[in-house]
Novice: 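Input: one structure, supplied below.
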Amino acid sequence: METVVLKVDPTNPEPDVIRRAADVIRAGGLVAFPTETVYGLGANALSADAVAGIFTAKGRPSTNPLIVHVSGPAEPVPPVPQARRVPDVTEVLNVASAWPETAARLAARFWPGPLTLVVPKRDSVPDIVTACGPTVAVRCPNHPVARALIRAAGTPLAAPSANRSTELSPTRAEHVLKSLNERIDLLLDGGPCSGGLESTVVDVTGEFPRLLRPGLITVSMLEEVCGRVEAGVRSEGVARSPGQMVKHYSPRTPLVLTEDADTEHQRLMELGLRVISLGYDLIYDYKFISDDPGEYAADLYAALHELDNGQYDRIVIEMPPDTPEWAAVRDRLTRAAARE
Ligand code: TXA
Ligand code: MG
């Protein structure tokens, strides 16, 4: 199929562009769209056939469940966080069979935003969305294009990141095209994503909230709202976040993570390899990336996409410090470097 690419204003999406994209969703098609984290590949979450298209386009294993995106309030988001309005609970209850107190508190604080909440699912959500599990992951993205699209489609959108399975996530429209051209119906090009890393995923079905995937909303931010947060996937039963597969988000060029990029760079050059480093203030050939965690996150995937297009044998990356504000970046770097 031909992939239609439409430019869209990221702050004030043009209604006719959104209407075209919503028509594709309603017809059961696939639309890639910008969110504040990464580009998503959306389909009608309540249609098993439409969602099956996502798995085909991405080559995604059916054991990996999808996030369902809801639109939230119709008004523009007020700038003061406390004044943020959460989606109508009825919108969430179209897909969730319960909305625990913790979910309500976290949503009131962080939605719309890069936080995904795992809650009990409703029967109306097709099994293909949740990998046949009893829970559904829900998120209200903080991006005008994403929310306008969901609202215009009149249905929640199942949307994984808009890349082939195991490849790097896309933070620019050209990353989506590189991976999915001719495999999806429409791409809304709303420019670069500001956040740059996929949302924080928290399971709120247990006694304590559990972090399944670190993101820009850190554990300490969560704990301020709901007290203790547990880490990691529960050991018993089915994997609670099958997306915790180690190899994920990988460029084709092997990554080498190190505590000392210059020493490693030199060692690899002496072996006759073509090497580039990613970091700041290095000696050898390197691409600059900020030492601020937020700016680093926003630029990481774009930098890796760019370096992956170069003719290099290795990409050397100096690991940022093992501190909470770097947890999401370190998680993604570790997965990107895993070869299995
Ligand atoms: O920022 C994001 O979350 C982006 C944008 C597009 O919203 N989406 C995204 O989707 O990263 P994806 O499919 O690449 O990652 C979804 C993650 C996976 O780790 C998956 O295993 C987990 O969410 N997940 C989805 N449903 C789940 C469920 N019911 N229980 C536990 N984990 C779930
Ligand atoms: Mg993904």
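Ligands are counted one by one from 1 in listed order, and the atoms in each one are counted from 1 as well.
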Novice: Under the rule for side chain to side chain donor-acceptor pair (under 3.5 Å), what residues qualify as partners of Asp23, not counting sequence neighbours?
Specialist: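 For Asp23 the side chain to side chain donor-acceptor pair (under 3.5 Å) partners, ignoring immediate neighbours, are Arg26.
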Novice: Arg139 to ligand 1: N or O pair under 3.5 Å?
Specialist: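 Looking only at distances, the answer is yes, because the N/O contact criterion of under 3.5 Å is met.
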Novice: Under 4.0 Å from any heavy atom of Leu66, which atoms of ligand 1 are there?
Specialist: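 Every atom of ligand 1 under 4.0 Å from some heavy atom of Leu66: 25 (C), 26 (N).
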Novice: Do you see a donor-acceptor pair shorter than 3.5 Å between the side chains of Glu318 and Ser277?
Specialist: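 Glu318 vs Ser277: no donor-acceptor pair found between side chains.
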Novice: Near the Mg ion (ligand 2), is there an N/O/S atom from Ser161 that is less than 2.8 Å away?
Specialist: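 True for Ser161.
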Novice: List every atom of ligand 1 that sits less than 4.0 Å from any heavy atom of Thr37, numbering the atoms from 1 in the order shown and giving each element.
Specialist: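 Those of ligand 1 that fall under 4.0 Å from Thr37 are 1 (O), 2 (C), 4 (C), 5 (C).
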Novice: Where the closest heavy atom to atom 27 (C) of ligand 1 is concerned, which of Cys193, Pro65, Gly42, Ala32 has it?
Specialist: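 The option holding the nearest heavy atom is Pro65.
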Novice: Just jot down the ligand 1 atoms closer than 4.0 angstrom to any heavy atom of Gly40, in number order.
Specialist: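 Ligand 1 atoms under the 4.0 Å threshold to Gly40: 6 (C).
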Novice: At a 4.0 Å threshold, what atoms of ligand 1 neighbour a non-hydrogen atom of Pro160?
Specialist: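 It comes down to these atoms of ligand 1: 6 (C), 10 (O), 12 (P), 13 (O).
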Novice: Any donor-acceptor pair under 3.5 Å linking the side chain of His175 with the backbone of Thr171?
Specialist: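 Looks like yes, one N/O pair under 3.5 Å.
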Novice: Do Arg213 and ligand 1 have an N or O pair less than 3.5 Å apart?
Specialist: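 Yes; at least one N/O pair falls below 3.5 Å.
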Novice: Using a strict 4.0 Å threshold on nitrogen-to-oxygen distance, state whether Glu306 and Lys287 make a salt bridge.
Specialist: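 Salt bridge present between Glu306 and Lys287.
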Novice: Heavy-atom distances under 4.0 Å decide this one: backbone, side chain, both or neither, for Thr130 against ligand 1?
Specialist: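 No part of Thr130 comes within reach of ligand 1.
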Novice: Please check if any side-chain donor atom of Arg332 sits under 3.5 Å from a side-chain acceptor atom of Ser169, or the reverse.
Specialist: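 Arg332 vs Ser169: no donor-acceptor pair found between side chains.
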Novice: Heavy atoms only, cut-off 4.0 Å: how does Leu212 contact ligand 1, side chain, backbone, both, or neither?
Specialist: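 Side chain only; the backbone of Leu212 stays clear of ligand 1.
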Novice: Could you tell me whether Glu264 and Arg267 have a side-chain N and a carboxylate O separated by less than 4.0 Å?
Specialist: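 Here Glu264 pairs with Arg267 in a salt bridge, since their nearest N and O are under 4.0 Å apart.
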Novice: Which of the numbered atoms in ligand 1 are under 4.0 angstrom from any heavy atom belonging to Ser161?
Specialist: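 Those atoms are 8 (N), 9 (C), 10 (O), 12 (P), 14 (O).
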Novice: Should Arg60 be listed as contacting ligand 1, given a heavy-atom distance under 4.0 Å as the test?
Specialist: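 Judged by the 4.0 Å heavy-atom criterion, Arg60 does count as contacting ligand 1.
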Novice: Considering only heavy atoms, does Lys121 approach ligand 1 within less than 4.0 Å through its side chain, its backbone, both, or neither?
Specialist: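 Under 4.0 Å from ligand 1, Lys121 contributes no heavy atoms.
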Novice: List every atom of ligand 1 that sits less than 4.0 Å from any heavy atom of Val118, numbering the atoms from 1 in the order shown and giving each element.
Specialist: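 Every atom of ligand 1 under 4.0 Å from some heavy atom of Val118: 30 (N), 31 (C).
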Novice: For Asn64, take its heavy atoms, then give the atoms of ligand 1 lying under 4.0 Å from any of them.
Specialist: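 Those qualifying, in numeric order: 18 (C), 20 (C), 21 (O).
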Novice: With a 3.5 Å cut-off and no angle check, do the side chains of Asn163 and Ser179 form a donor-acceptor pair?
Specialist: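 Short answer, no.
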Novice: Going by distance alone, is a donor N or O of one side chain under 3.5 Å from an acceptor N or O of the other, for Asp203 and Thr205?
Specialist: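 Note: Asp203 and Thr205 side chains meet the donor-acceptor criterion.
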Novice: Return the orientation label for the Tyr280 and Phe288 ring planes: parallel under 30°, perpendicular over 60°, tilted otherwise.
Specialist: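 Correct class here is perpendicular.
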Novice: Return each pair, listed once, that meets salt bridge (charged side-chain N to carboxylate O under 4.0 Å, His left out) where at least one residue sits in residues 319-328; pairs must be two or more places apart or across chains.
Specialist: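 Checked against salt bridge (charged side-chain N to carboxylate O under 4.0 Å, His left out) - neighbours excluded - the pairs reaching residues 319-328 are Asp322-Arg330.
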Novice: Looking only at side-chain N and O atoms, does Thr116 offer a donor or acceptor that is under 3.5 Å from a partner on Ser199?
Specialist: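 Distance-only check passes for Ser199 and Thr116.
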Novice: If you measure from each non-hydrogen atom of Thr135 to ligand 1, which part falls under 4.0 Å: side chain, backbone, both or neither?
Specialist: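 Both backbone and side chain of Thr135 come within 4.0 Å of ligand 1.
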Novice: From atom 7 (O) of ligand 1, work out which of His143, Arg210, His69, Lys58 has a heavy atom at the shortest distance.
Specialist: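 When every heavy atom of His143, Arg210, His69, Lys58 is considered, His69 comes closest to atom 7 (O) of ligand 1.
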Novice: Check whether any heavy atom of Ala159 sits under 4.0 Å from an atom of ligand 1.
Specialist: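 It does; at least one heavy atom falls under 4.0 Å.
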